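What you see is a predicted model, and the numbers here were worked out from it, not measured in a lab. Atoms within each ligand, like the ligands themselves, are counted from 1 in listed order. We use all heavy atoms of the structure for the numbers below, so side chains are in, but hydrogens, waters and symmetry mates are not. Residues: numbered from 1 along the sequence shown.
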Amino acid sequence: MSTLAPHSTPSHAQRVLNQPPPLEGRNLFDDNLPLIEALGREGAGWAHERAREVGAFWGGEPMGWGFQANDNPPGLRTHDRYGNRIDEVDFHPAWHWLMRRGVADELHALPWRTHRAGAHAARAALYMCAIQAEAGFACPITMTFAAVPALQTQPDLAAEWVPLLTSTEYDSRLHRASDKPGALCGMAMTERQGGSDVRANTTAARPVNGGGPGGEYEIDGHKWFCSAPMCDLFLVLAQAEEGLSCFALPRVLEDGSRNGFHLQRLKDKLGNRSNASSEVEFHAAWGRMVGEPGRGVPTIIEMVNHTRLDCVVGTAGGMRAAVANATWHAAHREAFGRRLADQPLMRNVLADLALESEAATVLAMRLARAYDESDDESSLHFKRLATAVAKYWVCKRAPNHAFEALECLGGNGYVEASGMPRLYREAPLSSIWEGSGNVMCLDVLRALARSPVGLESYLAEVELAAGADQRLDRFVAALRAEFEDLAGIEARARRVVERMALALQASLLVRHAPAAVSDTFCASRLDGDSGQEYGTLPAGADLEAIIARHTPPV
Ligand SMILES: Cc1cc2nc3c(=O)[nH]c(=O)nc-3n(C[C@H](O)[C@H](O)[C@H](O)COP(=O)(O)OP(=O)(O)OC[C@H]3O[C@@H](n4cnc5c(N)ncnc54)[C@H](O)[C@@H]3O)c2cc1C
């Protein structure tokens, strides 16, 4: 007979000491003070209760779905057992749970389903919560959301597809559109020989019966990156006789047969592993032209801009997840006889990460409001510049932010179960797709060259904080000087865009954040009183107040 009782005291080896309690059952909205404040400020106070519900839901079970969907990545089935092409991707059920709930929560469609002012800001808040459970599924959600304004340039196509793309029913089956209660849309622009420079596209479109806007075309060629290939519809760029044009290609034709849209293989990606990204070939694929012939880029650009908005919002969500985990761990872990959160040097790191996260959140939410206010000309100019500036800067800041947050958890942060490796792998993606870093900076220069008044609209927003902080005033004066002599501006573009981003983030924080946050941001980001790494905030900063604002409640 064993001498050990069933519930005997654990041995030394079995005892678990000084490990933080699991960070579970969070309300991802309620514990994010900068987001709560921004929601009301940016015109969507009406969505507060809804955001609380969404925050509670996505902070619960979906956190587990995110792990499952990544542990069981999608698999490609090009052919059935008899050799017929089927071009399907199999996903773990957790992927479908994420998608179904994301669609039900209108993450893909809220502003297109309501005329309420502030709908973009409201959606951004919901999206920022949900993406903390898992980022991969946000790709088809975003593309479906972003496709709607591009499709609207072709009213007959919009009438057919927009009701499906804005439906709250998720239907993962590859069926013809008329049999489906809801549909999803992707985009395919990038080819092997060029992604940023889509003018190099070689995919060719041949009119079937006359062509022109809304006309039928047959498309041959390939795309090197085509994410979420189980979407029902794709907006595709291809060369027509008149030049690069935009086309809508369904996966399934109205007679129920599969379109000539062949999945070659799935990419083996650094992160974003729950989501499938494919290489495709088009073999006499049937499509309809969207917008004017030869105007493919201006037509699809509305889709691109809305995806860029989501790159910013999603990255702010990722930063929030990183900070929540880091501050939580430090609040519960002791080293050298004191909680990590009480150690001065760790405080500096945590506060710096929190500042970055707050600055990303306020910028993302302000940008979302610009999408709500697209009917006023000055707001349009602001939106045009702020989208590119924020996409460049917020996304560029993410990878090192994720890494530093991961390191706050020590070795635990390097282990998959913490969720931190997933955040880290995901972090560079938003900077690469939908316009990589340099391309975004060049886009800012292009916008400035096309419309010099754009800069004044941008600076007018920044200068709403004029006089409130001398460091910001000096910084803005120096920023203006950057534009006085445009010689060599292309080589300086990153420097200029970085400063535009910092000025706007500082302006928003000076106007709206507690003094501890805005003061420390201005000192470290504008006044040079910091080092190259996170954790180099100046002495005297109110680190405790900053951290307290960002630590999930016990
Ligand atoms: C996971 C993933 C999913 C994707 N999904 C899709 C999708 O669904 N649909 C789709 O169409 N695409 C998709 N892409 C492709 C993505 O949008 C492109 O990879 C991106 O636009 C960059 O294009 P590229 O890879 O051809 O790089 P390139 O255009 O060759 O750029 C390489 C580098 O050069 C820089 N560069 C380019 N031009 C200049 C210049 N003039 N001056 C200075 N620097 C410059 C870029 O910033 C970049 O750093 C996806 C990519 C990834 C990683």
* Regarding R494 and the six-membered ring of Y392, is the cationic atom NZ or CZ under 6.0 Å from the ring centre and inside 45° of its axis? -> no
* Asked: Looking at R77 and D87, does any basic side-chain N land under 4.0 Å from a carboxylate oxygen?
  -> no
* What part of C139, side chain, backbone, both or neither, has a heavy atom within less than 4.0 angstrom of ligand 1? -> neither
* Subset of ligand 1 atoms that lie under 4.0 Å from at least one heavy atom of M189 -> 10 (C), 11 (O)
* Structure fact -> Closest non-hydrogen contact found for V439 with S196 is CG2-OG, 3.5 Å
* To do: For E254 and S178, test the side chains for any donor-to-acceptor distance below 3.5 angstrom and give the result as yes or no.
  => yes
* Can you list the ligand 1 atoms lying under 4.0 Å from a non-hydrogen atom of S196? -> 22 (C), 23 (O), 26 (O), 28 (P), 29 (O), 31 (O), 37 (C)
* Structure fact -> of all protein heavy atoms, closest to atom 9 (N) of ligand 1 is M187 O, 3.0 Å
* Is the shortest N/O to N/O distance between L429 and ligand 1 below 3.5 Å? -> no
* To do: Determine whether the side chains of T203 and N201 contain a donor N or O and an acceptor N or O closer than 3.5 Å.
  => no
* **Pair S245-Q239, side-chain donor/acceptor within less than 3.5 Å** => no
* To do: Using a distance threshold of 4.0 Å (strictly less than), state whether atom 17 (O) of ligand 1 has a protein heavy-atom neighbour.
  => yes
* Taking non-hydrogen atoms only, is E434 closer than 4.0 angstrom to ligand 1 via side chain, backbone, both or neither? -> backbone
* Structure fact -> For K269, the ligand 1 atoms with a heavy-atom partner under 4.0 Å come out as 1 (C)
* Looking at side-chain heavy atoms only, is the closest gap between L353 and C408 below 4.5 Å? -> yes
* To do: Taking only heavy atoms of G195 into account, list the atoms of ligand 1 that are under 4.0 Å away from them.
  => 23 (O), 24 (P), 26 (O), 29 (O)
* With a cut-off of 6.0 Å (strictly less than), are more than 12 heavy atoms of other residues, nucleotides or ligands near CZ of F483? -> yes
* Asked: Is a salt bridge present between E61 and R101, judged by a nitrogen-to-oxygen distance below 4.0 Å?
  -> no
* Proximal ligand 1 atoms for A188, defined as those under 4.0 Å from one of its heavy atoms -> 11 (O)
* Got an N/O contact under 3.5 Å between T190 and ligand 1? -> yes
* If you have a sec, work out which protein heavy atom is nearest atom 43 (C) of ligand 1 and how many Å separate them, to one decimal? => N438 ND2, 3.5 Å
* Consider only side-chain N and O atoms of S374 and K383, and report whether a donor and an acceptor are under 3.5 Å apart. => yes
* Asked: Given S436, A491, S277, which one has a non-hydrogen atom that is nearest to atom 49 (O) of ligand 1?
  -> S436
* Structure fact -> In ligand 1, the atoms that come under 4.0 Å of a heavy atom of S227 are 3 (C), 4 (C), 5 (N), 6 (C), 7 (C), 8 (O)
* Asked: Judging by distance only, is a nitrogen or oxygen of N272 under 3.5 angstrom from one on ligand 1?
  -> no
* **Per-atom contacts of ligand 1 with G194, taking only distances under 4.0 Å to non-hydrogen atoms** => 26 (O)
* **Nearest non-hydrogen protein atom, atom 14 (N) of ligand 1** => F225 CB, 3.3 Å
* Taking atom types as modelled, find out whether Q264 and H262 have a side-chain donor-acceptor pair closer than 3.5 angstrom. => no
* **Side chain, backbone, both or neither: the part of L442 lying under 4.0 Å from ligand 1 by heavy atom** => side chain
